[in-house]
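To keep things clear, I will list the structure first and then write my remarks on it.
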Amino acid sequence: MVAGPSGAGKDTLIKRALQVVPRARLSISATTRAPREGEEHGRDYHFLTEDEFDRLVGEGAFLEWARVFSGRYGTLSSDVEKMRDEGIDVILEIDVQGALQVKDKLPDARFVFIMPSSLEVLEERLRRRGLDSEPEIGKRLGIAPKEIEIGKREFDVIIVNDELEKATEELVSVLKGEGV
Ligand code: ADP
Ligand code: 5GP
């Protein structure tokens with residue numbers, strides 16, 4: 001389980017760590033947000049309509065889901081079960097609300113929080129990433145202090161993503177079960 005404010009570097013660190021930990025894989029979430037340029041259905045997310053998302057909620061198909069910023073995001077139980085049956089270490093990249101929902105359901109999961117070195121750095125990274133509109137960046141920054149507070153209180157491991165190389169090594173250690 002990897003959570004942290006938007007722009008903290010979750011995607012970057014997970015992609016780098018996966019190159020050295022072959023038995024781990026990232027679960028693909030479902031979302032109602034629109035695809036960004038270059039994003040593909042089934043690779044980055046399962047992009048769903050509000051109706052499709054509602055139907056899956058009604059069917060109890062989600063291990064967890066939450067409203068985050070301008071959309072709903074969720075993890076499909078069937079995806080996670082299938083990977084676990086295949087012996088894959090599943091990584092969930094989800095927000096803190098979703099993470100708290102799975103705490104009871106996945107007692108053996110490790111809770112990793114990716115922390116930006118400061119809110120200023122977070123803002124700079126969100127801007128430099130250039131993927132979100134100004135109002136969207138505002139929403140993401142606005143919620144970050146609360147997320148950080150929950151991360152400090154509820155998570156097992158906190159990785160400060162200051163120096164990329166060092167933070168990647170810390171995540172790799174956790175994925176290999178070595179702790180940090
Ligand atoms: P998240 O998945 O948490 O929203 P990203 O992985 O998309 O965050 O990272 C946000 C931006 O910050 C990206 O442009 C990424 O290249 C950059 N970034 C991530 N980690 C670092 C780092 N340690 N130093 C500098 N820039 C970084
Ligand atoms: P983005 O829109 O930048 O792709 O993702 C925004 C945020 O949604 C991420 O920072 C991540 O924490 C959260 N997120 C992505 N997938 C899921 C999911 O399946 N469940 C929950 N609860 N949050 C998710």
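In each ligand, atom 1 is the first atom listed, and ligand 1 is the first ligand listed. Both backbone and side-chain heavy atoms feed into the values below; hydrogens, waters and symmetry mates do not.
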Which residue holds the protein heavy atom closest to atom 10 (O) of ligand 2, what is that atom called, and what is the gap in Å? Lys10 NZ, 3.1 Å
Shortest protein heavy-atom distance from atom 20 (N) of ligand 2, along with the residue and atom involved: Glu64 OE2, 2.8 Å
On a heavy-atom basis, I'd like to know which of [options] is closest to [atom].
atom	options	result
atom 16 (N) of ligand 2	Ser6, Pro5, Gly4, Ser29	Ser29
atom 1 (P) of ligand 2	Tyr45, Phe62, Trp65, Phe69	Tyr45
atom 22 (N) of ligand 2	Asp132, Leu63, Asp95, Asp79	Asp95

What do the steps show when you test Arg84 against Leu106 for side-chain contact (heavy atoms from CB on, under 4.5 Å), and what is the final call? CA-CA 12 Å; Arg84 279 160 73 104; Leu106 301 176; 4.0 Å; yes
Which of the numbered atoms in ligand 2 are below 4.0 angstrom from a heavy atom of [X]?
X	result
Arg140	1 (P), 2 (O), 3 (O), 6 (C)
Thr75	19 (O)
Arg33	1 (P), 2 (O), 4 (O)
Ala66	22 (N)

Any N or O of Arg36 that comes nearer than 3.5 Å to an N or O of ligand 2? yes
Taking both backbone and side-chain atoms of Tyr73, is any N or O found less than 3.5 Å from an N or O belonging to ligand 2? yes
Please tabulate, for the side chains in residues 17-25, all donor-acceptor contacts under 3.5 angstrom to protein atoms that are two or more places apart in sequence or on a different chain.
{"residue": "Arg23", "atom": "NE", "partner": "Asp89", "partner atom": "OD2", "Å": "2.6"}
{"residue": "Arg23", "atom": "NH2", "partner": "Asp89", "partner atom": "OD2", "Å": "3.2"}
{"residue": "Arg23", "atom": "NH2", "partner": "Leu175", "partner atom": "O", "Å": "3.3"}

Once the angle between the rings of His41 and Phe47 is folded into 0 to 90°, is it parallel (under 30°), tilted (30 to 60°) or perpendicular (over 60°)? tilted
With a cut-off of 6.0 Å (strictly less than), are more than 12 heavy atoms of other residues, nucleotides or ligands near CZ of Arg129? yes
More than 12 non-hydrogen atoms from neighbouring residues, nucleotides or ligands closer than 6.0 Å to NZ on Lys103, yes or no? yes
For Leu119, side-chain contact (heavy atoms from CB on, under 4.5 Å) partners two or more places apart: Leu122, Ala144, Pro145, Ile148
Would you confirm whether Thr32, through its side chain, and Arg72, through its main-chain N or O, come within 3.5 Å as a donor-acceptor pair? yes
Could you please spell out the steps behind the side-chain contact (heavy atoms from CB on, under 4.5 Å) verdict for Glu154 and Phe111? CA-CA 8 Å; Glu154 305 279 354; Phe111 281 65; over 6 Å; no
Salt bridge (charged side-chain N to carboxylate O under 4.0 Å, His left out) with Lys139: which residues, sequence neighbours excluded? none
The protein residues that pass the under-4.0 Å heavy-atom test against ligand 1 are Pro5, Ser6, Gly7, Ala8, Gly9, Lys10, Asp11, Thr12, Glu93, Arg125, Arg129, Asn161, Asp162, Leu164
Test the Arg33-Tyr73 pair against the cation-pi criterion, namely NZ or CZ under 6.0 angstrom from the six-membered ring centroid and within 45° of the ring axis. no
Please report the C-alpha distance between Glu124 and Arg127 in whole Å, then the side-chain angles of each, then the deciding distance to 0.1 Å, and finally whether the side-chain contact (heavy atoms from CB on, under 4.5 Å) criterion is met. CA-CA 5 Å; Glu124 189 199 307; Arg127 289 242 154 72; 5.9 Å; no
Do Val112 and Leu164 sit in one hydrophobic cluster, given that two such residues count as connected whenever their side-chain heavy atoms are within less than 4.5 Å of each other, even indirectly? yes
Is the shortest distance from a heavy atom of Gly74 to ligand 2 less than 4.0 Å? yes
